[in-house]
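All values below were derived from every heavy atom in this structure, side-chain atoms included, with hydrogens, water molecules and symmetry-related copies excluded.
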Amino acid sequence: MIALFLCSLSLAAVASDFGSVLQPFVDRHELAGAVALAASRDKILGVEAIGCADIAKQKPMTTDAVFWIASMSKPVTATAVMLLVQEGKVRLDDPVGKYLPEFDPRIMAASPDGTQVLLQRPHHPITVRQLLGHRSGMQFKSSLETPTLDLFPLELRVRSYALEPLMAEPGAEFSYSNAGINTAARIVEVVSGMRFEEFLQRRLFDPLGMTDTTFWPNDAQVARLAKSYKPNATATDLEETTISQLHYPLTDRSRRYPMPAGGLFSTASDLVKYCQMLLNGGTYSGWHFLSAASIKEMTINQSGPADLGYGYSAYGLGFELQASGAYGHPGAYATDMTIDPGHGLVTIWLVQHNGFAGNGAKSEAAFQKAAIGDFAN
C-alpha cells in the first residue's frame, strides 16, 4: 500500500482552487509537487505550491521553489534575437553566415543504390528565421554535446554544428533543433559584443526584475531547487532522479556553460513577469521590450502543422502555438508557460518530472481547466 506524501499544501499567495484540483494527483503519488500560477496583464490571480519539493526529506513545495525550465529557455533566446532585429542589427531573413562567417554546414545525401553517403552544399543558406523556427535542417545537437549539453563554450558548440551534416535542406521541413536555437544565441553574442548570459541579464532579466533566472543557480537557489522525479519500474510510484542533460554541480561556472536552448533555471514569480510583458504587448513596469510587430512575428505559424503535444499544433519563432491563439513553451521535465491573449491570461506550471506515474501527466490539464474556469476574462 502506498503511503501518502506528508508534505501539505503550502499557503497560497493568492487564493485559488488549484490545490483541491491537484491534491488527488499528489495523494496517488502521480505528482511529486508543483507550483501553479495564473495571472492577468497586471496582477497575480492565483498561485499554489502543492506536494513535495523533496519527498525523501518531506520538504513541502513552496511558491519560491526553483526549477530547471529546460526548453522554456527557447522563447527567451528568441526574444533576445528580436531585440536586435528591432534595432536593425539583425535581419530574420539574412543568412547565418553573414554574422558567423565560419558557419557553413553541408547537407547529407545518399546515392541511389545506397552504397555511398555524399555531402553536398545546400541550395539555400540557413537563415536566422529558420534557426528560430526549427526549419534549419540542423540536427538536434552535435556529437560534441556528450554526455551533457553544457560542457563546452557556446562558440565551440556552434562551430561543431557547422561540421555536422544537415538532415534536410534549410526551409524544407520542421525539425526540432537545440543546435539551431544555440546558433541564434551565438549571433546575439557576435552582434552585441556581449556574452549571451550578460545580454540576457542586462536587456531582459534586470529590467524585468527576474532575480532568480539563471544558467547557474547559486547555493541559495540550489537549496530551493525542486528535486526531479520519474516513475519507478512498475510506474506505480515515483523515484528521485537527476537532470541528465546537465553537468553537476549546477553551481559550477568553471565546467558548465550557458545552454540557450534549454539551460535556464527560474521561478514562477520570475516567469510571470516575462509572460505579462508579452501579454501587455511588449511592455512591463514602464519598460518597453518588444513591439507588437515583433510579438506577431514570433507568434505566427512558421512551421506548418506540427504535432508538438501539450496542446500545441504549430511553431512560431521560439514559441509553440495553439489553435486558440495562445502561445508558450513546455520544458523537458514537464514545465510549461502559456500566454493566452484571448482569455487575457498567463499560466505558469512548474514541476520536475521525467515522466509520470499513473495519470500524473493529466495534472497540468486539470490546472489549466481550473485556471481558465476561475479567471478567464
Side-chain angles (χ1 to χ4, degrees), residues 68-87 89-92 94-103 105 126-142 144-145 148-164 170 175-206 208 210 213-216 245-246 253 256-266 274 289-290 294 297-298 302 315-320 329 331-332:
W68 176 52
I69 63 170
S71 285
M72 289 167 67
S73 308
K74 289 179 170 68
V76 176
T77 297
T79 299
V81 174
M82 293 306 295
L83 292 176
L84 295 177
V85 170
Q86 290 179 164
E87 294 169 0
K89 297 176 181 177
V90 173
R91 290 170 55 90
L92 288 173
D94 277 344
V96 175
K98 176 178 177 180
Y99 308 99
L100 307 176
E102 73 281 6
F103 191 82
I126 299 170
T127 66
V128 178
R129 182 187 301 276
Q130 289 163 350
L131 294 177
L132 295 177
H134 299 292
R135 295 181 65 88
S136 66
M138 297 169 67
Q139 299 187 44
F140 177 76
K141 64 175 185 176
S142 78
L144 181 70
E145 295 173 298
T148 62
L149 300 172
D150 57 352
L151 286 180
F152 294 95
L154 182 58
E155 179 180 7
L156 183 57
R157 274 179 281 157
V158 172
R159 286 181 180 272
S160 78
Y161 303 150
L163 300 176
E164 301 277 346
S175 183
Y176 194 78
S177 172
N178 269 10
I181 300 296
N182 288 340
T183 302
R186 176 60 184 154
I187 292 174
V188 172
E189 289 191 327
V190 169
V191 172
S192 70
M194 289 184 252
R195 296 187 307 276
F196 184 66
E197 64 271 25
E198 180 183 358
F199 185 92
L200 291 184
Q201 198 68 47
R202 290 188 183 186
R203 299 293 303 273
L204 279 175
F205 299 160
D206 283 346
L208 284 168
M210 296 173 68
T213 304
T214 178
F215 292 107
W216 301 277
Q245 294 92 327
L246 303 181
R253 287 176 174 256
R256 296 188 60 240
Y257 293 89
M259 209 252 287
L264 286 173
F265 292 78
S266 193
Y274 172 73
F289 296 90
L290 293 173
S294 292
E297 194 75 54
M298 297 171 76
Q302 308 270 349
Y315 210 94
L317 299 179
F319 279 110
E320 298 190 3
H329 214 291

- What are the two closest heavy atoms between P170 and Q130, and how far apart are they? CB-OE1, 3.5 Å
- How many angstroms lie between CD1 in I187 and CG in L84, if you round to the nearest 0.5 Å? 10.0 Å
- Task: Identify, with sequence neighbours excluded, every residue that meets salt bridge (Lys or Arg N to Asp or Glu O under 4.0 Å) alongside E87.
- Result: K89, R203
- Item | Which atom of A261 lies closest to which atom of N182, heavy atoms considered | N-OD1, 2.9 Å
- Task: Please report the closest heavy-atom contact between L132 and Y315, naming both atoms and the distance.
- Result: O-CE2, 3.5 Å
- Note on the structure: So the side chain to side chain donor-acceptor pair (under 3.5 Å) pairs with at least one residue in residues 187-198 (sequence neighbours excluded) are R186-E189, R195-E197, E198-R202
- Message: Could you work out, with side-chain contact (heavy atoms from CB on, under 4.5 Å) as the rule, every residue matching F103, not counting sequence neighbours?
- Response: V96, L100, P105, I126, M138, V158, Y161, A162, T183
- Query: Who pairs with L163 by side-chain contact (heavy atoms from CB on, under 4.5 Å), at least two apart in sequence or on another chain?
  - Reply: none
- Can you name the nearest heavy-atom pair linking G318 to H329, along with the distance? O-CD2, 3.4 Å
- Message: Can you give me the closest heavy-atom contact between L131 and S136, atom names plus distance?
- Response: CD2-CB, 4.2 Å
- Can you tell if the side chain of V191 reaches within under 4.5 Å of the side chain of Y99, non-hydrogen atoms only? yes
- Message: Holding to side chain to side chain donor-acceptor pair (under 3.5 Å), I want the full list of residues that pass it with S266, two or more places apart in sequence or in another chain.
- Response: T213
- Task: Determine whether Q245 and T148 make a side-chain contact, defined as any pair of heavy atoms from C-beta on separated by less than 4.5 Å.
- Result: no
- Message: Checking A185 now: which residues fulfil side-chain contact (heavy atoms from CB on, under 4.5 Å) with it, not counting sequence neighbours?
- Response: T77, L154, F196, P260
- Side-chain heavy-atom pair L204, F199 within 4.5 angstrom cut-off: no
- Query: Judged by atom type as modelled, is there a donor-acceptor pair below 3.5 Å linking the side chain of W216 to the main-chain atoms of P258?
  - Reply: no
- Note on the structure: Contacts of D94 meeting salt bridge (Lys or Arg N to Asp or Glu O under 4.0 Å) (sequence neighbours excluded), chain-then-number -> R91, K98
- Could you walk me through whether D150 and F215 pass the side-chain contact (heavy atoms from CB on, under 4.5 Å) check? CA-CA 10 Å; D150 57 352; F215 292 107; over 6 Å; no
- For residues W68 and L246, report the shortest heavy-atom separation together with the two atoms involved. NE1-CD1, 3.6 Å
- Measure the shortest side-chain to side-chain distance between L317 and R129 over non-hydrogen atoms and say whether it is less than 4.5 angstrom. yes
- side chain to side chain donor-acceptor pair (under 3.5 Å) partners of T79, counting only residues at least two apart: Y274
- Taking only residues two or more places apart in sequence or in another chain, which ones pass side chain to side chain donor-acceptor pair (under 3.5 Å) with R159? none
- Item | Set of side chain to side chain donor-acceptor pair (under 3.5 Å) partners for S71, sequence neighbours left out | K74, Y176
- Indicate whether the side chain of S294 and that of Q86 have a donor and an acceptor atom separated by less than 3.5 Å. yes
- Would a 4.5 Å heavy-atom cut-off, applied to side chains only, mark L149 and R157 as touching? no
- Task: Could you walk me through whether V85 and E297 pass the side-chain contact (heavy atoms from CB on, under 4.5 Å) test, one step at a time?
- Result: CA-CA 11 Å; V85 170; E297 194 75 54; over 6 Å; no
- Which pairs pass salt bridge (Lys or Arg N to Asp or Glu O under 4.0 Å) with one or both residues in residues 133-142, sequence neighbours excluded? none
- Supply the atom-to-atom distance E155 CD to Y257 OH, rounded to the nearest 0.5 angstrom. 11.5 Å
- Are the side chains of L144 and L156 in touch, meaning some heavy atoms are under 4.5 Å apart? yes
- Note on the structure: Applying salt bridge (Lys or Arg N to Asp or Glu O under 4.0 Å) to E145 and not counting sequence neighbours gives none
